[in-house]
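By convention here, the first residue in the shown sequence is residue 1.
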Amino acid sequence: MSKMEEGKLEKPNAKERSKHEEEELPLMALNHVSRLCRNVEESVDFYTKVLGFVKIERPPAFDFDGAWLFNYGIGIHLVHSEDEERLPADTDRLDPVDNHISFQCEDMEAIERKLKDLNIKYIKRSVEDHENKTTIDQLFFNDPDGFMIEMCNCENIKLVPAGPLGNIKLPVDRHTPPVDLNQNIKDANK
């Protein structure tokens, strides 16, 4: 029976640690989230106006309807779906324990005001951790196709690795993917 099967996590010995360190993947950060959509332009409108994403050029090799968006170090790739069954049937359902993508937010009131101004249905909740004297505020709402989005101030909770394998890496020395911020200046000078 392995250490995991026994329900225990034992501290690895030096040989096991060395093997684990050799096998670590060279991952850096989340690159993008892909979302199917019924109408690409409607989804672009939502993600740019509601969430502040910027439409970016998409490689011409992609010969299907879609769009790429980027901001906050995260990409969202929108792909037009020809199959309605692959999209959520209920576009109004909001359930915080269902699939969703979450964005860290530093001003929850501003997001809530924006959702109200745009008449976007949302649910609001707070999760209190009395032991650590912290509270997480959350707002849940759907994109036009019924995919749920969360806004939260999760920085209020300190992340603590749950075992000895918790080798957390934070990319601080580079930005992936590179962004050509000079392109707007070049376009403006044409």
Side-chain angles (χ1 to χ4, degrees), residues 27-129 134-157 159 162 170-171 175-181 183-184:
L27 301 179
M28 295 171 17
L30 176 67
N31 180 272
H32 70 272
V33 174
S34 181
R35 285 288 186 226
L36 293 175
C37 56
R38 290 174 178 86
N39 181 307
V40 173
E41 288 310 312
E42 185 178 318
S43 292
V44 166
D45 191 54
F46 173 85
Y47 282 98
T48 57
K49 289 182 179 170
V50 177
L51 298 179
F53 278 82
V54 175
K55 187 173 180 182
I56 60 173
E57 291 182 20
R58 194 172 137 211
F62 293 109
D63 61 354
F64 52 88
D65 192 17
W68 284 11
L69 307 170
F70 185 81
N71 212 350
Y72 320 109
I74 304 165
I76 295 180
H77 293 185
L78 301 171
V79 178
H80 179 257
S81 177
E82 300 289 336
D83 184 0
E84 186 71 25
E85 290 183 19
R86 295 180 68 196
L87 295 160
D90 184 354
T91 59
D92 286 333
R93 183 172 184 265
L94 291 171
D95 180 358
V97 294
D98 204 345
N99 291 321
H100 62 274
I101 57 174
S102 179
F103 295 95
Q104 186 77 2
C105 177
E106 59 187 4
D107 188 346
M108 296 296 289
E109 289 90 17
I111 295 295
E112 187 172 11
R113 279 192 306 275
K114 187 167 199 171
L115 294 174
K116 284 180 182 177
D117 290 346
L118 296 170
N119 292 319
I120 295 174
K121 177 184 166 188
Y122 66 93
I123 59 174
K124 178 180 180 177
R125 73 178 202 170
S126 293
V127 179
E128 294 188 35
D129 180 352
T134 59
T135 301
I136 297 174
D137 299 306
Q138 301 169 300
L139 294 169
F140 293 90
F141 55 97
N142 289 333
D143 77 0
D145 296 292
F147 291 108
M148 192 165 48
I149 297 167
E150 172 191 9
M151 294 289 177
C152 70
N153 56 0
C154 294
E155 79 279 3
N156 293 347
I157 291 193
L159 297 179
L170 298 173
H175 176 73
T176 304
V179 177
D180 183 357
L181 298 176
Q183 186 62 39
N184 288 339

Heavy-atom count check: over 12 atoms from other residues, nucleotides or ligands less than 6.0 Å from Asn99 CG? no
Flag the pair Tyr47 / Leu78 as yes when at least one side-chain heavy-atom distance between them is below 4.5 Å, and no otherwise. yes
Nearest-0.5 Å distance that lies between atom CG in Asp45 and atom CG in Asn39: 9.5 Å
Smallest separation among heavy atoms of Ser126 and Asp137, with atom names: OG-OD1, 2.7 Å
To the nearest 0.5 Å, what is the distance between CZ (Phe140) and SG (Cys152)? 8.0 Å
Are Val54 and Thr48 close enough that some pair of their side-chain heavy atoms sits under 4.5 Å apart? no
Atom pair CD1/CD1 of Ile76 and Ile56 - distance to nearest 0.5 Å: 11.0 Å
Measure from the side-chain N and O atoms of Arg38 to the backbone N and O of Glu84, and report whether any donor-acceptor pair falls under 3.5 Å. no
By side-chain hydrogen bond (donor to acceptor under 3.5 Å, both in side chains), which residues pair with Arg93, not counting sequence neighbours? Asp95, Asp98
Report yes or no: does Lys121 contribute a side-chain atom to a donor-acceptor pair with the main-chain N or O of Asp92 at less than 3.5 Å? yes
Separation between CG of Asp145 and OG of Ser81, rounded to the nearest 0.5 Å: 8.5 Å
Could you check whether any side-chain heavy atom of Ile74 comes within less than 4.5 Å of a side-chain heavy atom of Ile101, counting everything from C-beta outward? no
Closest non-hydrogen contact found for Phe53 with Phe70 is CD2-C, 3.6 Å
Measure the shortest side-chain to side-chain distance between Leu118 and Lys49 over non-hydrogen atoms and say whether it is less than 4.5 angstrom. no
Any His32 side-chain heavy atom under 4.5 Å of Trp68 side chain: no
May I ask you to test the Pro96-Glu150 pair for a side-chain heavy-atom distance under 4.5 Å? no
State whether the side chain of Asp65 and the backbone N or O of His80 hold a donor-acceptor pair below 3.5 Å, judged by distance alone. no
Run the salt-bridge test on Glu41 and Lys55 with the 4.0 Å N-O cut-off and return the result as yes or no. yes
Heavy-atom pair of closest approach, residues Leu51 and Met151: CD2-CE, 2.9 Å
Taking side chain as C-beta onward, heavy atoms only, is Val50 less than 4.5 Å from Phe141? yes
Derivation of the ring-ring contact (aromatic ring centres under 6.0 Å, His included) call for Phe46 and Phe147: CA-CA 12 Å; Phe46 173 85; Phe147 291 108; over 10 Å; no
Go through the side-chain N and O atoms of Asp143 and Ser43 and say whether any donor and acceptor fall under 3.5 Å apart. no
Is the backbone N or O of Gly66 less than 3.5 Å from a side-chain atom of Arg58, with the two atoms forming a donor-acceptor pair by type? yes
Looking only at heavy atoms, which two atoms of Pro144 and Thr91 are closest? And how far apart? O-CG2, 4.1 Å
What residues form a salt bridge (Lys or Arg N to Asp or Glu O under 4.0 Å) with Lys124, not counting sequence neighbours? Glu112
Check for a donor-acceptor pair, side chain of Asp83 on one end and backbone N or O of Glu85 on the other, with a separation under 3.5 Å. yes
Measuring from atom OG1 of Thr134 to atom CD of Glu155, what distance do you get when rounded to the nearest 0.5 angstrom? 10.5 Å
Between CG of Asn142 and NE2 of His100, what distance do you get to the nearest 0.5 Å? 11.5 Å
Determine yes or no for a side-chain-to-main-chain donor-acceptor pair under 3.5 angstrom, with Asn156 supplying the side chain and Thr135 the backbone. yes
